Amino acid sequence: MTSTTSRAESVHEARQPGRWLALAVLVLAVLLVAVDATVLGLATPFLSEDLKPSGTQLLWIGDVYSFVIAGLLVSMGSLGDRIGRKRLLLCGAVAFGAVSVLNAYASSPEMMIVARALLGVAGATLMPSTLALIRNIFHDPRERSLAVGIWGAAASAGAAVGPVVGGFLLENFWWGSVFLINLPVMAVLVLVGIKLLPESRDPSPGPWDLGSVLLSLVGMVAVVYAVKEAAVNGLGWEIAGAGAVGVLALVWFVRRQLTLESPLLDMRLFHHRGFSGAVLADLLTILGLSGLVFFLSQFLQLVQVRSPLQAGLIELPAAVGAVGAGLAAGYVARRASVRSAVAGGLAAVGAALAACMAVSADTGVVALGIALFVGGLGAGLAFTVTADVILSSVPKEQAGAASAVSETAYELGAALGIALLGSVVTGIYRGFTAPADLPAGVSDAAHDSLGGAVDAAARLPAEQAAPMLAAARDAFTDGFQTAAALGSAVLFATAVAAWFLLRGQRLEEGLEHP
């Protein structure tokens, strides 16, 4: 009788109506981060014209957010397990809004880089908290799969809303306005979240180890910095030293976790093949995608000469495909298999990137839309299933740490992708041959970035501007196509790896005790 009563209470608690309203609040947080990430790409040409960053500074503006967030996610996920995920989410949301204002009014490239770094600190509190709360709110695995699908779809919807809203703002206001759209979303999130979100934490977390926090941050930032700088400037003693410091810090971090009674990250999580396979799939997938996506908006605006709003609308099919696939991902993975869903999704993204190898200044909207839709479909399917696998692989008390590992893989992949593939684009672009009669200062600015070339062309006579712009755009397109080829190879290789690593992996079926 007691067992039956307990079971009924568990089912009732697991299926309280308020869980879907709580999910709606978490979706706002995801939208906040996704919109911020996508509008930066659209704003880059305007930002370049106003702040005049160098090519290296432009890469830092694009990826320092990911550097910092990758270094802090594990620490913040563990902190949420200790002090409460709701508390961390709401505090982070307030900070995210405040720092967005600093981004909007940045007056120099250096200030913009610092503002993006601070935004990374705030952003590190949001994503692991949202996934961890989903793990603790939804105890029915099928409902949790749907909730994770909605969570992933929200990120994709943010990727769609960001370019369209951002494009509208950029055509009517200055570039800083794309950051200020965070403020109303944040206000709603905080005010409604206080009322609706349940608090959850690890009941016996142990102390928060500051030594591990420092090692994680130093290790992640130093390694990614070394990779980025080596890709841009070649391997020198300073860069090799930074890389060595990063590797040593990460090795020390792992050894420290294995000796602590209450580690910041339980390394035993990686003994689970499904968990490790899902994390690796996330890392390599976003690595293949991010560098290319970062330059896609610049290609649409500066090579195909489209308005920001047009560029945003062209990117919309990717988000539509990702939303649909995310909502259906749990059903597909249960009807087929986890490895079929993930490997198939990754292969679809690889095919979409392969199609980008053929883009040019004359490529039409329909061809671009089909490629982006297929890529979005594959990414939505793969990312949603891997997130579900990661959450299902760990006890709910460790949901914050597990979610943070998932998000760290995502952000680290984004940073490495922008650093490596972005450096390929930049390296090929800088090799273009400019007309011999250009003034030295103009030639240097044109070779620094495509935005610099467009800006310089506006100050030149037509007979000089036209051949210089044509050469610059052709070089940028060549770099974009090469990055697409490399990204496609990474995705196809990851699909094969996922097929073997996720062998026998299944999503949960039965209702668990909350």
Side-chain angles (χ1 to χ4, degrees), residues 14-38 85-86 89 93 123 126-162 164 185-186 188-189 192-193 195-198 200 278 282 285-286 316-335 338 341-342 345 373 376-393 396 399-400 402-403 406-407 410 507-509 511-512 514:
R15 291 180 171 168
Q16 287 181 349
R19 66 197 184 283
W20 296 108
L21 292 174
L23 178 64
V25 176
L26 299 179
V27 161
L28 282 177
V30 176
L31 282 169
L32 187 72
V33 177
V35 166
D36 181 79
T38 53
R85 291 132 190 168
K86 172 183 176 179
L89 176 69
L126 298 179
M127 296 302 278
S129 297
T130 59
L131 261 183
L133 284 166
I134 287 174
R135 176 69 175 86
N136 282 269
I137 292 171
F138 292 91
H139 302 282
D140 182 327
R142 289 181 178 271
E143 283 195 347
R144 185 164 63 236
S145 291
L146 179 58
V148 171
I150 293 171
W151 176 87
S156 301
V161 171
V164 174
V185 178
M186 167 84 48
V188 173
L189 190 162
V192 180
K195 295 282 189 182
L196 289 181
L197 284 178
S200 69
D282 281 355
T285 301
I286 198 63
L316 195 60
V320 172
V323 168
L327 294 176
Y331 176 80
V332 172
R334 286 184 171 87
R335 289 294 300 232
V338 165
V342 175
F373 178 77
L377 205 66
L381 185 61
F383 282 136
T384 303
V385 175
T386 53
D388 203 344
V389 168
I390 289 168
L391 286 183
S392 302
S393 301
K396 61 182 180 180
S403 302
S406 172
E407 294 300 327
Y410 187 96
L507 298 185
E508 291 180 298
E509 296 285 348
L511 184 68
E512 65 181 21

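What you see is a predicted model; the values in this text were computed from it and never measured.
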Q) Looking at Ala325 and Leu377, what are the two nearest heavy atoms and their distance? A)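 Looking at all heavy atoms of both residues, the closest pair is CB-O, 3.1 Å.
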
Q: Return the minimal non-hydrogen interatomic distance between Val342 and Ala382, and the atom names on each side.
A: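 For Val342 and Ala382, the tightest heavy-atom pair comes out as O-CB, 4.0 Å.
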
Q | Approximate separation, where rounding is to 0.5 Å, of Trp20 CH2 and Ile150 CD1 | A |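 One gets 5.0 Å once the value is rounded to the nearest 0.5 Å.
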
Q) What distance do Glu143 atom CD and Ile134 atom CD1 have between them, rounded to the nearest 0.5 Å? A)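 Atom-to-atom, Glu143:CD and Ile134:CD1 are 12.5 Å apart.
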
Q: Without swapping roles, check the side chain of Thr384 against the backbone of Leu381 for a donor-acceptor pair under 3.5 Å.
A: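 Side chain of Thr384 to backbone of Leu381: no pair is present.
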
Q: Quick one: do Leu26 and Leu89 satisfy side-chain contact (heavy atoms from CB on, under 4.5 Å)? Show the steps, please.
A: CA-CA 9 Å; Leu26 299 179; Leu89 176 69; 3.8 Å; yes

